[in-house]
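Working notes, beginning with the structure itself.
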Number of protein chains: 4
Amino acid sequence: MLETALRIFARDGFHNADVQVIADEAGVGKGTVYRHFGNKQELFLANSAHCMQMVDAFVRNRVGDEEKAAKLIAEVGPIAVLKKIAMACAEFYQKYPETVEIMIYERAEFRGSVPAHLMFRSETRNGIDELIKAGIAAGAIRHVNVNEATNAYGDLIFGSVINGCLAGAKAKLVRRMEHAIDIFLNGLAGDQA
Amino acid sequence: MLETALRIFARDGFHNADVQVIADEAGVGKGTVYRHFGNKQELFLANSAHCMQMVDAFVRNRVGDEEKAAKLIAEVGPIAVLKKIAMACAEFYQKYPETVEIMIYERAEFRGSVPAHLMFRSETRNGIDELIKAGIAAGAIRHVNVNEATNAYGDLIFGSVINGCLAGAKAKLVRRMEHAIDIFLNGLAGDQA
Amino acid sequence: MLETALRIFARDGFHNADVQVIADEAGVGKGTVYRHFGNKQELFLANSAHCMQMVDAFVRNRVGDEEKAAKLIAEVGPIAVLKKIAMACAEFYQKYPETVEIMIYERAEFRGSVPAHLMFRSETRNGIDELIKAGIAAGAIRHVNVNEATNAYGDLIFGSVINGCLAGAKAKLVRRMEHAIDIFLNGLAGDQA
Amino acid sequence: MLETALRIFARDGFHNADVQVIADEAGVGKGTVYRHFGNKQELFLANSAHCMQMVDAFVRNRVGDEEKAAKLIAEVGPIAVLKKIAMACAEFYQKYPETVEIMIYERAEFRGSVPAHLMFRSETRNGIDELIKAGIAAGAIRHVNVNEATNAYGDLIFGSVINGCLAGAKAKLVRRMEHAIDIFLNGLAGDQA
DNA sequence: CATGAATGAGTTTTCATTCAT
DNA sequence: TATGAATGAAAACTCATTCAT
């Protein structure tokens, strides 16, 4: 039911999606949808939240939970971990492009009332903040404003995902992200700049 | 009339905007709106296009047209120009945050049928491509894939604008962009990375 | 349109009435109904108010406006005028039984938010109050509590109208009222009571 | 369960009452309500009938059953008994104002399919008829049309109850009825009329 | 040309009723 | 027998679009 809603919302958008269609394709009565979610908006927001949990789980699976992540950072360094996270996002969204559409509708219709993107989640932000702080302390990262660096990192990922999943470009998000994150980490400027 | 529509669409979104309200606030009859734009979608798309022309004009005014731009590049170098363009965008969107909303609705509802962002415009892309190519030739920019670098540049600007204009953060887009573009150009990684 | 609504509301009741049906039978689009009345409740309340104006006009036509009424009272006395008013009501409701149903729905659904009966209208009440006061002064009416007497008078009329217009009894309201008002004015008790 | 239904129906009206709410507040499953009453209408009608039994019992308790009533009539006379009955009604409805609302909805939605008011019950009517007949025979009551007098008596009680229980006036029904029935029995007109 | 009243297709939402457990 | 999740018919209401004035 949530999966059907996800598909329909992603395909038609919030307003053009007809709850009747969602119910039909989910093989349940319309009343059942309303019984479970209360109204169309709640149904959509439940989708939004679900999407976010999915990215979160996907990325965590790549990077590891707490201890594993700490170990990874020690092994490969914060820069490599930042790259790993970005690439995990790219993989996820390339695999589930519908979630990108949900994210956009969420921003468009509800202006971020529920965070639909990993980087809008305070927990995630804190993690990135810590990572960057540690990187700076270790000399692996330049002396940048941590908060703004996290913003920039999130903005790049967000922008790449949104623009890399426009119709026709869907299959190339991973590659797009790879180049983008490389420039972000190492800089566009040449040595003599 | 277009300005009123811009305001209403930005405030209410495409579907929630009522053509009657736009007509009323513009001080014209509803029929007049339809006479001029054909239908609601065209009205919105006209707005989208108009927004793009406004950013375009604003940035051009900052950077200069053709010859002036060439001169500027020669003077300050391609890296500085890339920064100048990004900052011009930030200034513009901070000044006219409604256009950000239009851009998002355009992406959400019409999936980019009309480019509503500077970086979605092929003409702009070509300019950036040339700029980067020249920078590489001059050694000011690393040997990156030009097309992907342009993508990354656009994605970062897009992401910063969208996320920097969420309610509450509107006044800080310029600062946000400044940090973001600095990292993008010079890299997040420290010397010993 | 109002007349059609009156008929349908009277026939089906507030909730069972379908605005679509009203629109159809009135020969207009449903949107037109909503354009004019805002919503179903307003449409109904407009009916209520209209009914009251109709009774009011009918009774005034029988009794006369201000001066004429004063003249009539002087001629036939307050008791006869009270009877005349009650009979005018009976005649009206026997002629337009649908208005009785409206009155009941108004009381049931909206608990008298708009006075739907003549006797619920403060203007009318004041008139009756004056009439009774004058009657008492002239010795034609017993020394009763004026306010309560007006209540009682209104209650009797209301009760007779409601119960006299139940299905099957519609044609007999005038006769029913005649007996009722006679008892009310002259008393049920016999001389030796 | 019936008591809960009574409360909800009185508060919300027939259509606005939600069977789910009734079931919830009664602490039973919705299915149980349907098992017992068949459908919403039957549930309401059962309430109606129950209300009538309650007034009936209340009044009978005041006046006495058959023999007692006969004795009472002999003692105080038919006029006093008519007053006693009316006052008993007033007391009852002032004490249980929800039953008034039920009565109105019954009249509005079902047009008296089940008598919800004492005076709509043929048994009661017969009793009043007898009382009046006896009163006439004894000279305590004027030579009126018995059937119409019973009508008038019922109409006055009905009107007083309905109008005396509108929001705000609930506490004053007894007083209202006292004045009304006094006028009804003794007449509004003064001696010289 | 401009207008705005009329329209009705399209959607959301509710809730009485059923029936498998 | 009691339950309450599932259902879908029914209705209110909106608003883009048209077209007569």
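Chain letters run A, B, ... following the sequence lines, proteins first and then strands; every chain starts at 1.
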| Atom CG of B:D12 and atom C1' of F:dT14: how far apart are they, to the nearest Å? | 15 Å
| remark: Separation of F:dT14 atom C1' from A:H15 atom NE2, nearest Å, is 11 Å
| query | Could you state the CZ-P distance from D:F37 to F:dA2, rounded to the nearest angstrom? | reply | 12 Å
| query | Side chain of C:D18: nearest nucleotide among F:dA11, F:dA16, E:dT12? | reply | F:dA11
| query | So, A:E109 versus A:H15: side-chain donor-acceptor pair below 3.5 Å or not? | reply | yes
| said: Are there over 12 heavy-atom neighbours, none belonging to C:E42, within less than 6.0 Å of that residue's CD? | reply: yes
| field | Atom-pair distance (CD on B:E42; C1' on F:dT17), nearest Å | value | 14 Å
| message | If you count heavy atoms of other groups shown closer than 6.0 angstrom to CD of D:Q20, is the number above 12? | response | yes
| field | Nucleotide-resolved protein contact map, nucleotides 1-7 of chain E, B/S/- at heavy-atom distance under 4.0 Å | value | SBBBBBB
| Runs of at least three Watson-Crick or G-U pairs with DNA chain F, cut-off 3.5 Å | E:2-21 with F:2-21
| query | Would you say the side-chain atoms of C:E98 pair up with the backbone N or O of C:L6, donor to acceptor, closer than 3.5 Å? | reply | no
| message | If you assign each of A:N39 and D:G38 to its closest nucleotide in DNA chain E, which residue comes earlier from the 5' end? | response | A:N39
| query | How are the rings of C:F158 and D:F158 set relative to one another: parallel (under 30°), tilted (30 to 60°) or perpendicular (over 60°)? | reply | parallel
| Atom pair distance, as rounded to whole Å: CG in C:N16 and C1' in E:dC15 | 14 Å
| request: Nearest whole angstrom, please: distance from the P of E:dA9 to the NZ of B:K40. | output: 19 Å
| What integer distance in Å separates B:D24:CG from F:dA16:P? | 12 Å
| query | How are the rings of B:H117 and B:Y93 set to each other: parallel, tilted or perpendicular (split at 30° and 60°)? | reply | parallel
| Is the B:F110 ring parallel, tilted or perpendicular to the B:F14 ring (thresholds 30°, 60°)? | perpendicular
| Does atom CD of A:E25 have more than 12 heavy-atom neighbours, drawn from other residues, nucleotides or ligands, at distances under 6.0 Å? | yes
| field | salt bridge (Lys or Arg N to Asp or Glu O under 4.0 Å) assessment of C:R7 paired with C:E101 | value | CA-CA 10 Å; C:R7 208 178 64 244; C:E101 300 306 314; over 6 Å; no
| field | Distance in angstrom units between C:L43 CG and F:dA12 P, rounded | value | 10 Å
